[in-house]
Protein chains: 2
Amino acid sequence: MATVERTPDLGFLFAKAAHSLQTEMTARLEHIGLMPREQCVLSKALEGEQTQIRLAERCELDKTTMVVTVDRLEKAGLVERRPSPTDRRARIIAVTEKGKAVAEEGDALIEGIYADILGSLPDDERAVFANALARLVTDRLSNPPTCVTPVRRPRTS
Amino acid sequence: MATVERTPDLGFLFAKAAHSLQTEMTARLEHIGLMPREQCVLSKALEGEQTQIRLAERCELDKTTMVVTVDRLEKAGLVERRPSPTDRRARIIAVTEKGKAVAEEGDALIEGIYADILGSLPDDERAVFANALARLVTDRLSNPPTCVTPVRRPRTS
DNA sequence: TATTGTTATACTCTATAACTATA
DNA sequence: TATAGTTATAGAGTATAACAATA
């Protein structure tokens with residue numbers, strides 16, 4: 001006897017998944033003294049020396065949020081602000097040796113979580129799920145309609 | 001030649017999906033004068049008359065959040081607070097005729113969005129994706145570890 | 001003593017605006 | 001005039017505590 005097919009509550013599922021994952025990442029990153037946003041910035045900064053603005057764009061953060069994030073990273077000795085040789089307004093975010101170590105630790109930690117989550121799915125569903133999720137975000141769920149009271153983004157990503 | 005398999009950025013994908021969907025729901029519900037949280041409460045209230053506390057539990061809302069939500073719904077004439085016949089502390093949330101109409105409109109609207117989103121996936125991926133997402137939330141992503149600075153939930157769900 | 005509903009409040013975080021110094 | 005970085009502030013919203021009425 002077939003069960004009644006109900007449309008799954010995507011709003012609830014996405015919200016729950018995002019919140020749980022964010023919580024797990026936050027908890028694990030606490031052990032190495034990073035907040036998820038700092039981990040994101042640090043990791044991106046490691047890929048190549050860039051200005052704050054460039055980093056903010058790549059992390060999809062407001063430039064004012066980037067200021068406080070870099071403040072913290074700098075205070076922790078993980079990055080340095082260096083004057084740009086070509087633009088005296090701009091500052092290059094350079095990752096220190098210590099920052100490099102922490103960033104790599106954080107990257108591995110996050111990758112481990114992702115791998116473990118995907119690993120919890122049956123082998124034959126894993127790739128389909130990952131591809132479908134990526135496609136939804138890229139296609140159907142890109143450019144949502146604007147609303148009068150914009151939905152605030154939760155912290156980090 | 002096989003492309004390098006990178007672990008997809010689940011944190012980014014879930015956050016983006018949740019935010020985009022929330023934005024889309026907010027935009028569409030604005031047309032019928034509801035916020036997503038109100039729609040959720042109204043819809044659950046329609047399933048049977050319950051106390052505020054019970055409704056709050058089912059919507060996973062704080063009871064103080066429920067107060068302001070019911071305030072708004074009541075002011076809009078969509079629900080009424082009635083004294084519980086069995087517990088003089090409690091109040092039963094009764095949906096009005098107008099509220100019933102709006103709730104059904106909202107339900108249909110949300111269901112339509114979900115169906116459209118799932119419909120954007122290839123036929124052979126749809127069920128796998130929905131099942132995998134539901135399983136992740138139910139299993140691997142339930143009970144995330146607690147962290148020192150708890151991750152705030154964005155509004156609604 | 002615990003619970004329902006309410007009110008008040010603290011606190012965090014996002015978003016915006018304004019300012020400086022350069023370009 | 002526009003942009004990089006900074007600072008300050010407004011505003012929204014969550015979470016918490018405290019209270020009154022009742023169990």
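Residue numbering restarts at 1 for every chain, and letters A, B, ... go by the order of the sequence lines. Reckoned from all heavy atoms, side chains included, excluding hydrogens, waters and symmetry mates.
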Hey, mind stepping through A/Thr7 and B/Glu111 against side chain to side chain donor-acceptor pair (under 3.5 Å) and telling me if it holds?
CA-CA 7 Å; A/Thr7 312; B/Glu111 286 291 312; 3.1 Å; yes
Going by salt bridge (charged side-chain N to carboxylate O under 4.0 Å, His left out), name the residues that satisfy it together with B/Arg82, two or more places apart in sequence or in a different chain.
B/Glu49, B/Glu80
A/Arg153 CZ to C/dT16 P, in whole Å, measures 12 Å
Looking at residues at least two apart in the chain, or sitting in another chain, which of them share a side chain to side chain contact (heavy atoms under 4.5 Å, CB included) with B/Lys100?
B/Leu46, B/Val95, B/Glu104
Would you tell me if any nitrogen or oxygen in the side chain of A/Arg82 comes within less than 4.0 Å of OP1 or OP2 on D/dG5?
no
For the pair made of CZ in A/Arg72 and P in C/dT12, what is the distance, rounded to whole Å?
11 Å
Under the 3.5 angstrom rule, does the side chain of A/Arg126 hit a backbone N or O of A/Leu121 as a donor-acceptor pair?
yes
Rounded to whole angstroms, how far apart are CG on B/Asp62 and C1' on D/dG13?
12 Å
Between C1' of D/dA4 and CD1 of A/Ile92, the distance in whole Å:
11 Å
Phosphate-side-chain proximity, A/Arg37 and C/dT14, N/O vs OP1/OP2 below 4.0 Å
yes
From the candidates D/dA12, D/dA4, C/dG5, the one with an atom nearest any side-chain atom of B/Ile53 is C/dG5
Examine C/dT6: is either OP1 or OP2 under 4.0 Å from a nitrogen or oxygen in the side chain of B/Arg91? Give yes or no.
yes
Checking all strands, does B/Arg54 fall into the base, sugar-phosphate, or nothing category for heavy-atom contacts under 4.0 angstrom?
nothing
Taking only residues two or more places apart in sequence, or in another chain, which ones meet B/Thr86 in a side-chain hydrogen bond (donor to acceptor under 3.5 Å, both in side chains)?
B/Ser84
CZ of A/Arg152 versus P of C/dT12: gap in Å, rounded?
15 Å
By nearest nucleotide on DNA chain C, pick out whichever of B/Asp71 and B/Glu57 is the more 5' one.
B/Glu57
Contact check, residues 42-52 of chain A vs DNA chain D, heavy-atom distance under 4.0 Å, returns A/Thr51, A/Gln52
Round to a whole Å and report the spacing from NE2 of A/His19 to P of D/dT14.
11 Å
Quick one, A/Pro122 and A/Glu125 - any side-chain contact, counting heavy atoms below 4.5 Å?
yes
Could you go through A/Lys16 and B/Glu60, starting from their C-alpha distance and side-chain angles, then the distance that decides it, and tell me whether this counts as salt bridge (Lys or Arg N to Asp or Glu O under 4.0 Å)?
CA-CA 11 Å; A/Lys16 201 85 173 179; B/Glu60 299 191 40; 2.9 Å; yes
The complete set of ring-ring contact (aromatic ring centres under 6.0 Å, His included) pairs with one or both residues in residues 25-59 of chain B, sequence neighbours excluded, reads none
Ranking C/dG5, D/dG5, C/dT6 by distance to the side chain of A/Ala90, first place goes to D/dG5
Taking A/Lys63's backbone N and O only, do any of them form a donor-acceptor pair with A/Glu57's side chain (distance below 3.5 Å, no angle check)?
no
When rounded to whole Å, the CE to C1' distance for the pair A/Met66 and D/dT3 reads 16 Å
Tabulated below should be each protein N or O lying under 3.5 Å from an N or O of nucleotides 19-23 of chain D; please produce it.
residue	atom	partner	partner atom	Å
D/dA23	OP1	B/Arg88	N	3.1

